[in-house]
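Scroll down for the structure; my scribbles are underneath it.
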2 protein chains.
Amino acid sequence: MIALISDPILKKKLSNQFPFLEGAEPSFVQLFFNSTAIVHLEPDQPICQQGMQCSHLALITKGSARVYKIGENGREITLYRIGPGESCILTASCIMNDRPFPAFAISEQPIEALLITTADVVRWSNDVPAWRNYLFRLISDRLGDVISVVEEIAFRRVDRRLANYLLHRTETTDDNLQITHQAIASDLGTSREVISRILKDFEQQGMISITRGSIHLSDRQCLRNKSIE
Amino acid sequence: MIALISDPILKKKLSNQFPFLEGAEPSFVQLFFNSTAIVHLEPDQPICQQGMQCSHLALITKGSARVYKIGENGREITLYRIGPGESCILTASCIMNDRPFPAFAISEQPIEALLITTADVVRWSNDVPAWRNYLFRLISDRLGDVISVVEEIAFRRVDRRLANYLLHRTETTDDNLQITHQAIASDLGTSREVISRILKDFEQQGMISITRGSIHLSDRQCLRNKSIE
DNA sequence: TGGCTGTATGTGACAATGTCACACAGACTT
DNA sequence: AAGTCTGTGTGACATTGTCACATACAGCCA
């Protein structure tokens, strides 16, 4: 499950993925590879639990994870997703400030990640400019992400957010989305009934067609109009 | 309006307020004071506008500011407030990553602040460990703040949030709150009518009494129960 | 005093969203 | 065929958001 990095080809790959390795001092690159372990994670495995003290920082090289909050009533809302080249920066923030993790993180696509100990995270952030810039940029990006979420749920109507969501989730794939209404609701921070209702509206207006467990986008332009209506 | 810092007593005061000055190298402390200007700001003055490129970072020494988003419909929501010893860290994040500011910031209490140029912000974050730790901690705190806001608006009912709000806003003062319903609505990200309605409910239940422009908390315990109901 | 003029608040109707309880439908097992 | 998951549909109702007003209070001026 856990292995030290040694393959030189792998090294090169990682250098391309993580900007702090490019142009870094060779001694640090060496150090980085020597003190890093690779882990693999199946989908739907918990990565961080709310309230946890974090012992490692995970840099994702493949796959993706979802960071989300759970409300008193059991509803969920996704704060952001992280993919290759990124890291669960909330972990870093917890590490640096010695705080418990304020949310949940779970794997979605099968994940391959590099594990870095808290000690290394702190040490490198003192010694390696490129590393701390990387951390700083990531955490700034996340702050931006979460501010966008606030804006969305505070001001935008659910039907428009949903239209937007469907478009974004099919950007890199075809027009078929394999997902349940509940999963969408958990991303958008609303309830399953609301999503079902609106999807049915969309279907009746000919924008999509629905089957159990999947949605087909038949009129993207119409959805685009809806999303910015 | 703008003056260089020279008074030694003032220096001492500031050292107490900003952790990165305590125990810092004397040469940096000297540098910091030499390259820092003091500004004063009346209440309700804009500090940062959404979309701005930031040219300075403001460290607040007195007073407070409010950072908020404005929705398409004109409604507002407060992301967080900053007070003495803190700084408009979103600015720092914009500076470090060369991005436009994603929100609005406005002074509330009369502000006294230290202005630092973007060049110094970047330079010190490379050279001065205590400074970059300060920045990192601030931005982490803000991320935590904004995540809490998401949780609030996504999952909690307005009446409970309002009860909680009233209690928090009178924590350091007496039981009289000088504020309009509109201002509360702008903090909580809802509309004035909703706040007025609920306040009226609270009044009829004997928790508060309302007069034009101010609210008196007559039964804090009852409000506490309401807020966690 | 009374009448302006802002700003603050109240109200009723309706739309959008959230909640609850339960019905129904498809896929899979036995 | 019956049982059992999981996913979806539905109607009733509560909460919240929106709109168009009405009303109330404070300060000012005639």
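Every chain is numbered from 1, with letters handed out A, B, ... down the list of sequences.
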Which atom names give the shortest non-hydrogen contact between A:R156 and A:R160, and what distance separates them?
NH2-CB, 3.7 Å
How many Å lie between CD on A:Q204 and P on D:dG9, as a whole number?
10 Å
Suppose we screen for side chain to side chain donor-acceptor pair (under 3.5 Å). Which residues come up paired with B:D187, at least two apart in sequence or across chains?
B:R66, B:T78, B:R81, B:Y165
Is A:H181 close enough to D:dG7 that one of its side-chain N or O atoms is under 4.0 Å from OP1 or OP2 there?
no
Would you verify whether the NZ or CZ of B:R142 falls within 45 degrees of the ring axis of B:Y80 while also being under 6.0 Å from that six-membered ring's centre?
yes
Can a salt bridge be assigned to the pair B:D141 and A:R99 using a cut-off of 4.0 Å between side-chain N and carboxylate O?
yes
Which class fits the ring pair A:F104 and A:Y68: parallel under 30°, tilted 30 to 60°, perpendicular over 60°?
parallel
From CD of A:Q178 across to P of D:dT6 the rounded distance in Å is 18 Å
C:dA25 C1' sits how many Å from A:K200 NZ, rounded?
12 Å
Using a cut-off of under 3.5 Å, enumerate the N/O to N/O pairs linking the protein to nucleotides 22-29 of chain D.
from: D:dC25; atom 1: O2; to: B:R212; atom 2: NH1; distance (Å): 3.2
from: D:dC25; atom 1: O2; to: B:R212; atom 2: NH2; distance (Å): 3.4

Could you tell me how far apart A:I195 (CD1) and C:dT17 (P) are, to the nearest whole angstrom?
10 Å
Does anything in residues 183-191 of chain A reach DNA chain C, meaning a heavy atom under 4.0 Å, and if so which residues?
A:T190, A:S191
Quick one, B:E112 with B:T61, criterion side chain to side chain donor-acceptor pair (under 3.5 Å). Give me CA distance, side-chain angles, the key distance, then yes/no.
CA-CA 5 Å; B:E112 181 185 274; B:T61 53; 2.9 Å; yes
Does A:E203 or B:R197 map to a spot on DNA chain D nearer the 5' end, using the closest nucleotide for each?
A:E203
May I ask you to verify if any side-chain N or O of B:N73 is less than 4.0 angstrom from the OP1 or OP2 atom of D:dG17?
no
For B:D201, is there any backbone N or O sitting under 3.5 Å from a side-chain donor or acceptor partner on B:Q204?
no
How close or far is atom C1' of C:dG10 from atom CZ of B:R192, stated in whole angstroms?
7 Å
Are A:I208 and A:L223 packed together at the side-chain level, in the sense that at least one heavy-atom pair is separated by less than 4.5 angstrom?
yes
Between atom CG in B:D201 and atom P in C:dT9, what is the gap in whole Å?
16 Å
Which part of the nucleic acid does A:R75 contact within heavy-atom distance under 4.0 Å: base, sugar-phosphate only, or nothing?
sugar-phosphate
Atom CD in B:Q17, atom CD1 in B:I60: separation rounded to 0.5 Å?
10.0 Å
Atom CG of B:L199 and atom C1' of C:dT11 are separated, to the nearest Å, by 15 Å
Test: A:K226 and A:E229 ion pair at under 4.0 Å:
yes
In a table with atom names and distances, give each donor-acceptor pair under 3.5 Å that connects a side chain of residues 172-179 of chain A to protein atoms at least two apart or in another chain.
from: A:D174; atom 1: OD1; to: A:N176; atom 2: N; distance (Å): 3.2
from: A:D175; atom 1: OD1; to: A:R220; atom 2: NH1; distance (Å): 2.8
from: A:N176; atom 1: OD1; to: A:H216; atom 2: ND1; distance (Å): 2.9

Neighbours of DNA chain C within residues 145-167 of chain A, by heavy-atom distance under 4.0 Å
A:R157, A:V158
Those residues at least two apart in sequence (or on a different chain) that pass side chain to side chain contact (heavy atoms under 4.5 Å, CB included) with A:R132 are A:S125, A:P129, B:N126, B:R132
From CD1 of B:I198 over to P of C:dT9, roughly how many Å is that when rounded to an integer?
15 Å
